[in-house]
Amino acid sequence: MGENKQNINWFPGHMAKSFRKMAEDLKIIDLVTEIADARVPVSSRNPDLDKLLQNKPRIILLNKSDMADEKATNDWIEHYKKSGIVAIPVDCKTGKGVNAFKTTIKTAMQDKLKKYAESGMAGKPIRVMVVGVPNVGKSSFINRISGGAKAKAENRPGVTRGNQWFTIDKQLELLDTPGVLWPKFEDNTTGEHLSFTGAVTDRIIDTELLAVDLIKILTEKYPEMLKSRYSLDEIPQDEYDALCLIGKKRGMVIKGGETDTLRAANMLLEEFRSCKIGRITLEKVEDYA
Ligand code: G4P
């Protein structure tokens with residue numbers, strides 16, 4: 001996959017620093033909640049986390065499930081279950097699935113809570129670190145689960161300054177972390193998929209090329225949605241021609257009757273990102289079988 005795609009990588013210095021901070025903070029963490037994007041559940045999971053977390057218990061939240069193909073999300077949840085990984089679909093825009101998370105954490109940490117109680121530390125809460133790529137919905141998740149509570153200002157021993165704690169209830173505290181990517185994506189597909197969803201900034205991307213590749217994927221996976229959104233009788237075989245036609249349909253025409261393809265590309269990406277084309281999952285279990 002990904003031979004003809006843009007070679008996208010984005011790992012500014014602040015991300016490297018944040019990753020080092022996470023490694024330090026992990027020492028006092030009981031469990032990690034990894035927020036992934038339900039539309040790209042593979043590309044939005046940081047492979048460097050595996051090395052960092054080692055045997056730390058982990059729960060995956062497939063966020064933005066309201067924008068993903070429901071069947072594909074259910075397939076992923078089943079897939080994780082078979083591999084012994086707990087994953088929950090969530091929609092932090094409405095809060096759907098967020099309460100299931102609380103219950104799941106406490107069930108997963110039952111033994112630890114029992115140990116705390118037996119050793120006279122009955123009040124000690126479970127400490128959970130929340131991690132994820134930029135824009136995946138970490139702030140929305142924390143806002144939802146904490147009911148908009150403000151972060152605690154105090155610092156704690158062993159915890160790097162800058163990361164914020166949220167008390168959810170007597171048994172649960174969350175540590176927020178900044179969105180991080182990793183130094184080099186495994187292949188061009190990863191960078192591209194993270195650009196489709198907005199985890200990688202458009203500042204470093206050729207958005208016309210990106211839109212053309214999105215058209216290619218949508219033509220393969222969701223042709224009816226593409227046709228319906230842009231009133232296309234047929235999708236032109238050449239993706240660039242398709243972009244021109246889509247732009248034309250939206251009146252994005254410049255002098256000489258040509259399509260303003262940059263405007264059309266940005267519009268298409270925006271409409272994908274805001275789910276206007278439809279509920280779409282770009283990475284399905286069967287693609288990785
Ligand atoms: P981050 O902290 O990981 O960077 O992500 P953040 O919560 O800021 O969310 C990034 C964008 O994704 C926000 O949209 C947010 O509303 C949206 N979002 C988060 N979770 C969900 C979800 O489950 N479903 C949907 N549909 N959207 C979600 P924004 O356009 O940047 O801001 P706004 O629309 O909230 O004003």
Side-chain angles (χ1 to χ4, degrees), residues 10-12 14-19 21-22 25 32-46 48-49 58-74 76-77 87-102 104 128-151 162-166 168 174-182 190 193-205 207 222 225 229 266-283:
W10 188 42
F11 193 60
H14 66 83
M15 286 190 196
K17 203 167 151 203
S18 299
F19 198 77
K21 274 187 183 181
M22 277 162 57
D25 291 348
V32 171
T33 295
E34 187 184 354
I35 305 190
D37 189 318
R39 297 166 299 171
V40 288
V42 176
S43 296
S44 60
R45 294 189 59 202
N46 187 339
D48 286 355
L49 271 184
R58 183 179 353 184
I59 288 181
I60 298 174
L61 297 186
L62 287 185
N63 191 35
K64 307 202 180 185
S65 58
D66 56 310
M67 299 208 270
D69 182 331
E70 201 170 3
K71 180 184 178 305
T73 303
N74 291 337
W76 277 113
I77 300 292
I88 308 170
V90 287
D91 161 9
C92 291
K93 200 103 179 170
T94 63
K96 202 171 160 198
V98 171
N99 278 335
F101 164 80
K102 271 199 223 176
T104 308
V128 177
M129 180 186 269
V130 179
V131 301
V133 297
N135 216 26
V136 74
K138 287 184 304 305
S139 313
S140 306
F141 170 69
I142 288 181
N143 269 337
R144 275 279 159 202
I145 195 165
S146 66
K150 290 231 165 13
N163 288 348
Q164 295 185 312
W165 283 96
F166 294 80
I168 306 308
L174 296 190
L175 179 63
D176 191 14
T177 63
V180 291
L181 294 167
W182 48 106
T190 305
H193 285 193
L194 288 172
S195 306
F196 289 145
T197 61
V200 168
T201 174
D202 278 351
R203 288 196 309 273
I204 64 151
I205 302 163
T207 51
Y222 297 94
M225 285 188 193
R229 179 72 193 166
N266 290 337
M267 179 270 300
L268 183 85
L269 292 170
E270 190 284 320
E271 295 205 342
F272 167 74
R273 288 170 186 160
S274 54
C275 200
K276 290 188 184 116
I277 302 173
R279 294 181 63 171
I280 289 167
T281 298
L282 298 177
E283 298 171 353

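Numbers for residues simply follow the sequence, beginning at 1. Worth saying up front: this structure is predicted, and the values here are computed from it rather than measured. Ligands are counted one by one from 1 in listed order, and the atoms in each one are counted from 1 as well.
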Residues two or more places apart in sequence or in another chain: which of them pass side-chain contact (heavy atoms from CB on, under 4.5 Å) with E270?
S274, K276
Can you list every protein residue that has a heavy atom under 4.0 Å from any atom of ligand 1, sorted by chain and residue number?
N63, K64, D66, M67, D91, C92, K93, N135, V136, G137, K138, S139, S140
Examine distances only and state if a side-chain atom of R39 and a backbone atom of K64 form a donor-acceptor pair shorter than 3.5 Å.
no
Check whether any side-chain heavy atom of T177 sits under 4.5 Å from a side-chain heavy atom of K21, and report yes or no.
no
Flag the pair V42 / W76 as yes when at least one side-chain heavy-atom distance between them is below 4.5 Å, and no otherwise.
yes
Is the shortest heavy-atom distance from the side chain of V131 to the side chain of M22 under 4.5 Å?
yes
Has S44 got a side-chain atom pairing as donor or acceptor with D37's backbone, closer than 3.5 angstrom?
yes
